[in-house]
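Structure first, then comments.
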Amino acid sequence: MEYSSQLVEKKWQEFWKENKSFEPSEDFTKEKKYILSMFPFPSGRLHMGHVRNYTLSDAFARYYRQQGFNVLHPIGFDSFGMPAENAAIKNGSHPKKWTYDNIDYMKNEFYSLGFSFSRERELATSDELYTKFEQSFIIDMYEKGLLYRKKGLLNWCPHDLTVLANEQVVDGCCWRCDTPIVKKDMNQYYFKITQYGDELLEDLKGLEGGWPKQVLTMQENWIGKSNGLAFNLFFDDVSLEKLSSAFKSFDVFTTRPDTVYGVSYTALAPEHEIVTYMLENSLLSDEVVSQIVKMKNTSSIERQKEKSGVPLGLNVLHPLTGKTIPVWIANFVLMDYGSGAVMAVPAHDERDFDFAKKYSLEIKSVIKPYEGELSETSAFTEIGELFNSESFNGFNSKEAQAKIIEHFESQNIGKKTTNYKLKDWGVSRQRYWGAPLPFIHCDSCGLVMEKKENLPIALPDDIEITGEGNPLEKHPTWKYCKCPACGGDAVRETDTMDTFVESSWYFLRFCASPQNWEKEAFSAEQIKYWMGVDHYIGGIEHAILHLLYARFFTKVFRDLGYIEFDEPFDKLLTQGMVLKDGAKMSKSKGNTVDPDAIIEKYGADTARLFILFAAPPTQELEWNDSAVEGAYKFIKRFYDRSSNCIKSDFIPSIVHASLSKEEKLARKKVYEALARANDVYNERYTFNTMIAGVMEAMNALNVQTNSDVWSEGYWILTSIMEPVIPHICWQISSEYFGLKNLSPQKVIEEVFVEDSMTLGVSINGKRRAEIEVSQDETNENIIALAKESVFKWLEGQTIIKEIVVPKKLVNIVIKG
RNA sequence: GCGGAUGUGGUGAAAUUGGUAUACACGCCAGACUUAGGAUCUGGUGCCGUAAGGUGUGGAGGUUCAAGUCCUCUCAUCCGCACCA
């Protein structure tokens, strides 16, 4: 029969659906595998990145099912988010309809690719049920003090009247209307992720081996832990008077306490509270005020271009020497790191150096290199030996750091301190299409939580989306409610949550039993059985945000008593991008390939085979039309040649010794492919080499005619390939083997035993000839044969050494 | 600037512990079958050279009997972070 991807694929997809072939078993005594791909945003259609992602997880899921594991391989949609609202603004569609239409379409695409998802556990995070459970967790977190509300500086678009996420600010302007954004002080809800900063950092160690090093490093840098010294700088009397003693001192942090004697000025961020106080109380000249205002209104990108600052007219006293030090405002001091103020040591810090040069401030060296001289034109930032540092002179930087911290602590003028770059996670968005925060504002009770029995706080359907302001805010009735505490009139919080909240726990939601899907967010029993995720597969672009948030939620849920483990994802596989013509596929570049078109022309198996064969998963994948064609031809050949098999429910038993050379080689190649496949699924994930092995075996089978060898070969090869090209493998298997071969296969060692072996013969490491000897040949004879084979190279030469590497080669070392 | 990754034929890429470099595939070339083929099958294909041979894993050194693999330096490309005190 001629190969028809259309017929074969439809047939098996229906078979799998009707037979519920991929639902996990409730038998928790079986060994399990939880295979998960990062779930998609329902943007409308699948792209090749999706196809690659889910083909990988599907291959793992199918392999482990074959091996007898109980496999959970679920799918959901991360379905809240701005694109739904943007589509509404653009085409007038309702975000809900747009979202769920897209989900329906994409689900069909998924199943037309033959993905073996558990259909009973499908979810969309915009489902009210999901919102209900999520809001309940939010309430728990608030009660634990892990969620709080405070004023903060946010990106505000004065044209669209909305807050923007940092990623939505492009070159200081609104990504949609190009209006320059301004910083606005607004109330915002935050998760206290910083409380888990140390644990999030420490537990990265346990993920080594399971997670790509790159991701671990990125998270480590993002958390950005640094140890140092924090101390107060006290104002002198004149300054105190100026400030009417509203401030006596301010706090600074340094990772280089060894340079403390080199402090020659100190700098505050323009947003520092002392600066604010001075502005509000008109303590600064007009000139200085205008410079500060200018600094504050400059975007961070602009600020980085050149350092600038202005003296505040205040002085502090050096904590050790008592010397007077001027206080400046500097645009390079960040308000949201440390205390928003720094001690400046221009001799040993590049930034401080640049600033001091520009404004002719004192540069005092206190560290000298062990070799070479101090430079006049740059800061010496390495470690070295202390001088100009009173009793600490002569110490090495490292020792001095500890000693100086000790000194500050013993004098009670400073403290050993740890700082993090990680900031609390701002989760509120002034948007409609997200999960509402379950809070109520009451004039008499303040901020009150909604009662759990009233959940979910669902979104109203009758809204008007204009792109200006928050539709929930403008809805005529939605926000008005009674206070759960006092029963009086109150209003709901109209902010919705960042969609990263939904993706922070969806992998737990899949551990709900379908019978209790509506009753519980997840079942303790199933969680205990299925978690952690054995293989988590997704794009590197989520290396920080999603993966960090999911780790944070896991630890929070543990502390809330819902789960008993620390980390959600045991093994992480980050796939590479899909490229065409050397660039990432994207609509704007017009270099996309539509998965539907490929499925229609060649079939899902071809798409899957090409994707797994063209490159290892972690590498970029260059799309190549003729290589796709090649994958299609392979499948056709694979199916055509199956006619050489004999129908049987058992693997044929073959007496290896009685076979011809070609037959033996074919068997060897088949079992080599099997051995390699096991290795690939368990350790290496290099599906490309596994497929190459199968192709080699096919080539070897094709030069012999023994139908037992053919049948055995196909019994094994269709089993290996089923996770890759499932439809055609089930077809072949059902035609010849009654589906009995889709099960664990044993490697037979005897086929690897050969009568003779081929050894390379090299002279001084350069290969010159090849000899064939029997397996049990003595080294003496091997050397004799080797010498004979390279006779002409040895003429008149002196042999120094002869090396025999068993089963590999002979190396003869000659003089010269 | 800091951190990470990658560099092998015309192309995508193999080489598990240092042991015959270029498996497998795409492309190309030749042939067969064909009215024809962009179908199918067979063979060839790193580079230079008619050949003998030489040469060859971004570049330069080094260790070793032996290096794509280990060490030092260097170049290029890509990614992440980026005034984090």
Side-chain angles (χ1 to χ4, degrees), chain A residues 212-218 220-222 224-226 228-230 252-256 259 266-267 300 303-307 330-334 336-345 348-352 354-355 381 419-423 540-541 543-544 576-577 579 609-610 613-616 618-631 633-634 636-637 640 675-676 679-680 683-684 686 688-699 702 758-771 792 800-814:
Chain A
K213 225 177 157 175
Q214 191 193 2
V215 175
L216 296 175
T217 317
M218 282 166 81
E220 196 185 319
N221 292 341
W222 186 264
K225 181 179 182 174
S226 51
L229 170 71
V252 292
F253 172 74
T254 180
T255 53
R256 291 293 303 270
T259 65
T266 169
S300 55
R303 270 197 202 186
Q304 279 186 38
K305 286 189 179 153
E306 201 190 340
K307 291 184 177 49
N331 68 344
F332 68 89
V333 181
L334 305 173
D336 52 11
Y337 182 75
S339 59
V342 297
M343 66 172 214
V345 186
H348 304 293
D349 181 287
E350 278 166 28
R351 295 153 301 182
D352 298 346
D354 293 345
F355 193 83
T381 58
N419 259 321
Y420 296 89
K421 282 201 244 178
L422 181 70
K423 285 162 204 139
I540 187 84
E541 65 272 22
I544 296 176
M577 287 191 299
L579 309 179
L609 178 61
F610 168 74
F613 182 55
T618 52
Q619 237 170 79
E620 287 173 341
L621 173 78
E622 176 73 32
W623 191 267
N624 179 329
D625 289 327
S626 41
V628 175
E629 186 86 33
K633 285 180 192 168
F634 172 79
K636 255 179 89 166
R637 263 198 314 274
D640 288 346
R676 197 189 286 189
D679 200 29
V680 163
E683 303 270 348
R684 287 153 51 77
T686 48
N688 54 329
T689 61
M690 177 186 90
I691 294 163
V694 170
M695 288 173 169
E696 276 186 67
M698 279 290 290
N699 293 342
N702 202 43
T758 308
L759 302 178
V761 181
S762 37
I763 295 174
N764 290 352
K766 182 77 203 168
R767 184 175 164 277
R768 294 298 180 193
E770 191 170 87
I771 53 170
K792 65 172 176 173
I800 301 169
K801 210 169 177 184
E802 291 140 350
I803 295 150
V804 178
V805 182
K807 294 179 195 225
K808 301 271 185 188
L809 55 80
V810 180
N811 190 19
I812 297 168
V813 187
I814 58 175

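It should be emphasised that the depicted structure is a prediction, and the values quoted were computed from it without experimental measurement. Protein chains get the first letters and strands the later ones, always in sequence-line order, with residue 1 at the start of each.
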What distance, rounded to whole Å, do you find between the two [atom1] atoms, one in [N] and one in [M]?
| N | M | atom1 | value |
| --- | --- | --- | --- |
| rG46(B) | rA23(B) | P | 8 Å |
| rA15(B) | rC24(B) | C1' | 12 Å |
| rG12(B) | rA82(B) | P | 32 Å |
| rG56(B) | rG61(B) | P | 11 Å |
| rU11(B) | rC81(B) | P | 32 Å |
| rG49(B) | rC26(B) | C1' | 28 Å |
| rG19(B) | rA67(B) | C1' | 10 Å |
| rU55(B) | rG59(B) | P | 15 Å |

Carefully, step by step, assess Leu809(A) and Arg767(A) under the rule side-chain contact (heavy atoms from CB on, under 4.5 Å). CA-CA 9 Å; Leu809(A) 55 80; Arg767(A) 184 175 164 277; over 6 Å; no
Is any N or O donor-acceptor pair between the side chain of Lys421(A) and the base of rC81(B) shorter than 3.5 Å?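 There is none.
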What's the closest nucleotide to the [X] side chain, out of [options]?
| X | options | result |
| --- | --- | --- |
| Arg768(A) | rG80(B), rC24(B), rG54(B) | rG54(B) |
| Leu809(A) | rC65(B), rU20(B), rG54(B) | rU20(B) |
| Ser626(A) | rC83(B), rA85(B), rG27(B) | rG27(B) |
| Asn702(A) | rG12(B), rU42(B), rU20(B) | rU42(B) |
| Arg684(A) | rU16(B), rU20(B), rA23(B) | rU16(B) |
| Met218(A) | rA15(B), rG80(B), rG19(B) | rG80(B) |
| Pro616(A) | rA13(B), rG56(B), rC24(B) | rA13(B) |
| Asn811(A) | rU20(B), rA66(B), rA15(B) | rA66(B) |
| Lys633(A) | rU40(B), rA85(B), rG80(B) | rU40(B) |
| Phe613(A) | rG12(B), rU20(B), rC81(B) | rG12(B) |

For [X] and [N], what is the distance between atoms [atom1] and [atom2] respectively, to the nearest whole Å?
| X | N | atom1 | atom2 | value |
| --- | --- | --- | --- | --- |
| Asn221(A) | rC79(B) | CG | P | 18 Å |
| Asp352(A) | rC83(B) | CG | P | 14 Å |
| Gln214(A) | rC78(B) | CD | C1' | 11 Å |
| Met695(A) | rA14(B) | CE | P | 14 Å |
| Glu620(A) | rC78(B) | CD | P | 11 Å |
| Arg767(A) | rC65(B) | CZ | P | 23 Å |
| Ile540(A) | rC81(B) | CD1 | P | 11 Å |
| Lys808(A) | rA21(B) | NZ | P | 12 Å |

Under 3.5 Å: donor-acceptor pair, side chain of Asn811(A), backbone of Gly765(A):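 Confirmed, Asn811(A) side chain pairs with Gly765(A) backbone.
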Quick one: do Asp336(A) and Lys423(A) make a salt bridge, cutoff under 4.0 Å?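 Lys423(A) and Asp336(A): salt-bridged.
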Sugar-phosphate only, base, or nothing, as touched by [X] at under 4.0 Å among non-hydrogen atoms:
| X | result |
| --- | --- |
| Gln619(A) | sugar-phosphate |
| Asp625(A) | nothing |
| Ser226(A) | sugar-phosphate |
| Asn688(A) | sugar-phosphate |
| Lys213(A) | nothing |
| Val813(A) | sugar-phosphate |
| Asp679(A) | base |
| Val333(A) | base |
| Arg676(A) | nothing |

Residue met sooner reading RNA chain B from 5', once Glu306(A) and Ala627(A) are mapped to nucleotides: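 Nearest nucleotide further toward 5': that of Ala627(A).
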Go nucleotide by nucleotide along RNA chain B from the 5' end; which of Ala615(A) and Ala631(A) gets its closest nucleotide reached first?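 Its nearest nucleotide being more 5', the pick is Ala615(A).
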May I ask you to verify if any side-chain N or O of Asn624(A) is less than 4.0 angstrom from the OP1 or OP2 atom of rA25(B)?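 For Asn624(A), the contact criterion (side-chain N or O under 4.0 Å from OP1 or OP2 of rA25(B)) is not met.
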Flag if over 12 foreign heavy atoms under 6.0 Å of CD, Glu350(A):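 At most 12 heavy atoms, drawn from other residues, nucleotides or ligands, come within 6.0 Å of this atom.
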Geometric cation-pi criterion Lys307(A) and Phe332(A), 6.0 Å radius, 45° cone: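 Yes - Lys307(A) lies over the ring of Phe332(A), closer than 6.0 Å to its centre and within 45° of its axis.
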rA66(B) - base-pair partner by Watson-Crick or wobble geometry, distances under 3.5 Å: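 Per the H-bond distance test, none.
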With syn defined as a glycosidic angle within 90° of 0 and anti as the rest, where does rG9(B) land?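 Syn, angle within 90° of zero.
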If you measure from [atom1] on [X] to [atom2] on [Y], what distance do you get to the nearest 0.5 Å?
| X | Y | atom1 | atom2 | result |
| --- | --- | --- | --- | --- |
| Arg637(A) | Asn702(A) | CZ | CG | 8.5 Å |
| Asp352(A) | Thr381(A) | CG | OG1 | 11.5 Å |
| Lys807(A) | Leu759(A) | NZ | CG | 10.5 Å |

Sole candidate of Ile691(A), Val680(A), Asp679(A) that passes side-chain contact (heavy atoms from CB on, under 4.5 Å) when paired with Thr686(A):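 Going through the options one by one, the only one that passes is Val680(A).
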